[in-house]
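Here is the structure we will look at.
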Amino acid sequence: MPQTAPQRAAELRRLIDDANHRYHVLDEPAIPDAEYDRLLRELAALEAADPSLLTPDSPTLRVGDAPSGKFAAVQHAVPMLSLGNAFSDEEVAEFVARIVRETGEDAPVFSVEPKFDGLAISLRYEDGLFVRGATRGDGATGEDVTANLRTVKAIPLRLRDPDGAGVPAVLEVRGEVYMPRAGFEAYNAWALAHGAKPMANPRNGAAGSLRQLDPAVTAKRPLAFFAYSLGEVVGARLPATHSEALAWLRSLGLPVSPLVECATGLDGVLDYYRRIGAARDALPYDIDGVVYKLDSHELQADLGFVSRAPRWAIAHKFPAQEEATVVESIEVNVGRTGAVTPWVLMQPVHVGGVTVTRATLHNADQVARLDVRVGDSVIVRRAGDVIPEVVRVIPERRPEGTTPWRMPERCPACGSEIVREAGEVVARCSGELVCPAQRVQGLFHFASRRAMDIEGLGERLIQALVDFGQVQSIADLYRLGVDDFVEMKRRADERDGTTPETVKAGKVATKWAENLVAAIERSREATLERFLFALGIEHVGESTAKALAAWFGDLDRIRRAPWPLFKRVPDIGDEVARALGHFLDQPGNQAVIDALLAAGVRITDAHPPSPKLREGLTLAQLLADLGIPKLTPLRAKQLADAFPDAATLLDQEPHNFVIAGLPDEAAASIAGWLSDDANARLLLAAATMQAELLAALPEGEAAAGPLDGVTVVITGTLESMGRDEAKAKLEALGAKVSGSVSKKTGFLVAGAEAGSKLAKATELGIEVWDEARLLAFLEAQS
DNA sequence: GCACCTCGAGTTCC
DNA sequence: CTCGAGGTGC
């Protein structure tokens, strides 16, 4: 009896679905690809002829819906977790020991699985039907990529019900979408042949494919999926263990990695780590480690969470991938401070997912330690999985006739002598003001986001401005107009032989230059700390600039302050104070500041000096800060008690210092020091400035902030605000926000994807706040 | 004088 | 992220 169209459509769906399941879940393909395609086309034809036959779980939908425009936000019913990381056996041992300690289980059982290098997603099934899929996002909110996920054949559009017991009313499945290596390579071969952009690595390929606005594009990408955990479940009894949950998922038709096992205790998980590590290269997909999850759900619940990471699971990462390549040349860069940094140019090599061609060698000592020479084969890895680094050379592959590398004697940019101070590690170009490389870097720093934040003023344009003599100092930037920038870019393009598209089309684009001029205009309004940081004074980074601004409050006072006064600011000592003084002593630098002010740069947040300065504004403190030999703080105090002010002190005969209680040699030392005119002037100038600061101090005490004296560290990604914003808010309450966790850290604010800092805080027993706690705290303070 | 924190500076790739 | 070195407390 011939089938009706609805019957045939149902049968086709079953056949196609079955083929998918066998291929992706059971890993035993049953029908040839051509046969599969034929079934799919037949079903599509039936559905086209009679749209009522089209069901929401039809495999024909996998070809992709119409482009959606953008992705909607999806709240995860149960947050998607991140995992703590372990990079060594010792860290794993600590993890296991903690679990043994806290659960009382001598030999805890773990469910162990590879850590797939793809994109974490969540799939939602309602009454067995795939209704929504979302990216992980920040863990709480992801992006709706349902249409794209529908095209992934490994993802069932309808759950199976193997024993007829029914499927859960709601099932959220978490897992990883990844791109198999074979598919990745095939795609790149195709891309190369068709002029499309090849993918950097399978992981980026998977991520990029899922973020396609047009699902039809995603449908053509070779994506696959493994499920590894549960989210929200309604209408089913949860298995007691994670391994049983995975078996259940597999029975519902979801692909679960065949490499999942159970392992007992530390020995068990480490054995698994080594076996998977050995098999890693032979796997058809990339993995970057293995994951250990305490198997018992009951024990998991006992252990709970730290921030967003469960305390019952950990990712044991493989060591950073290392690769060999050949050194083509060793070059040097000249930085803003004149520091000459050697780096290697290498033949391109794939390491940890990206192509690497250069790596820094830091300094001459490092080059000597490694003994890197041009022509050497070297091992490269990505430190912390990001920054390329030369690990060592392969001595047996060294060609004949190489010689050790030597620091050039002259600066490649200006020809000045390169000098290395005794005891210093860095070599510096002595060209200072004449060196174009230092000038370019100084300008680049001035314009950088954390300084004056001039968007669009990139290194290449700055290089052209300097090379063609348009800009000598940072103040010159404020004289340039749209035409100047357009002309500079034209000449730079001409010189470098790069012709932009717009010129080929016969037009000259000026919009970017207008934006740039507007950005420069905006930068005329600056806070004192940004301005000080932007000047690029040696040893004055963001943090020091902020402290200086907070304590002195006013640019004019800082410009005129003799250097010993800078030591009143916490964390500024002799070296930094003298560097500041040296900078301000240069007439050229003062002229640049004058020129900036004349160009309309305005400090928007001038304020009186900090009341916290008050107790330091004494003659005793000043004498102690001057660095007079043999004058200890105690002796400085004796002098200050004996003489009312600096002028009186200068009038004294040496024996009066002895009368004041100083030992002979200290008295002689200070008398000798004061007899130098320059020293006497410094003392008087500093005393005068102290008086000026005292007079400018506001009445009363500094307002006490709730976080005064508390050091806070922020890590991970916050969803409600940027890190900078959180930092500013905490600082407004008196906290000191620092970058590294130590014993002194008051508490750590941990956002999503917190890494080593969270681990360190846990190790040190430092209080950890999640974002909700931070928000609640900020709310309570406002 | 030493140990321990921090900060500054330079850096890679997409 | 890493290294070097400045600042500070013991």
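Residue numbers begin at 1 in each chain, while the letters A, B, ... track the order of the sequences.
- The distance from atom CD1 of A:I537 to atom P of C:dG6 is 17 Å, rounded to the nearest whole Å.
- Residue A:S543 places at least one side-chain N or O under 4.0 Å from the OP1 or OP2 atom of B:dC7.
- Rounded to whole angstrom, the span from the CG atom of A:D365 across to the P atom of C:dA5 amounts to 9 Å.
- Here the side chain of A:T341 is nearest to one of C:dT8, B:dT11, B:dC13, namely B:dT11.
- Side-chain polar atoms of A:Q586 and A:H582 form a donor-acceptor pair below 3.5 angstrom.
- Regarding contacts with the backbone of C:dT2, every side-chain N or O of A:T360 stays at 4.0 angstrom or more from both OP1 and OP2.
- Residue A:R358 places no side-chain N or O under 4.0 Å from the OP1 or OP2 atom of B:dT11.
- Under the 30°/60° scheme for interplanar angles, the aromatic rings of A:F747 and A:W769 are found to lie parallel.
- The side chain of A:E575 has C:dG7 as its nearest neighbour among B:dG8, C:dG7, B:dC13.
- Across the protein-nucleic acid pair, A:R568 atom CZ and C:dT8 atom P stand 13 Å apart, rounded to whole Å.
- One interatomic measurement links the two molecules: CD of A:E538 to C1' of C:dG6, which rounds to 12 Å at whole-angstrom precision.
- Relative to the side chain of A:V425, the nucleotides B:dG10, C:dG4, C:dG7 differ in distance, and C:dG4 lies closest.
- At the phosphate of B:dG8, neither OP1 nor OP2 sits under 4.0 Å from any side-chain N or O atom of A:T337.
- Taking atom NE2 of A:H539 as the reference point, atom C1' of C:dG7 lies 12 Å away to the nearest angstrom.
- Within 4.0 Å of A:Q366, counting heavy atoms only, lies no atom of the nucleic acid at all.
- As judged by a 4.0 angstrom heavy-atom cut-off over every strand, A:V356 is placed among residues touching the sugar-phosphate backbone only.
- Put simply, CG on A:D571 is 19 Å from P on C:dA5, counting in whole angstrom units.
- Closest to the side chain of A:V576, from the set C:dG7, B:dT12, B:dG10, is C:dG7.
- Between A:K567 atom NZ and C:dG6 atom P there is a gap of 14 Å when expressed in whole angstrom units.
- The shortest distance between the side-chain N/O atoms of A:N333 and the OP1/OP2 oxygens of B:dT11 is below 4.0 Å.
- When each of C:dT8, B:dC13, B:dG10 is scored by its nearest atom to the side-chain atoms of A:T357, the top-ranked nucleotide is B:dC13.
- The CG atom of A:L548 sits 14 Å away from the C1' atom of B:dG8 (whole-angstrom rounding).
- Across every non-hydrogen atom of A:W551 and A:R568, the tightest pair is CZ3-O, 3.9 Å.
- A salt bridge is defined here as a Lys NZ or Arg NE, NH1 or NH2 lying under 4.0 Å from an Asp or Glu carboxylate O, and A:D117 with A:K115 fails to meet this definition.
- Other residues, nucleotides and ligands contribute over 12 non-hydrogen atoms within 6.0 Å of the CD atom of A:E331.
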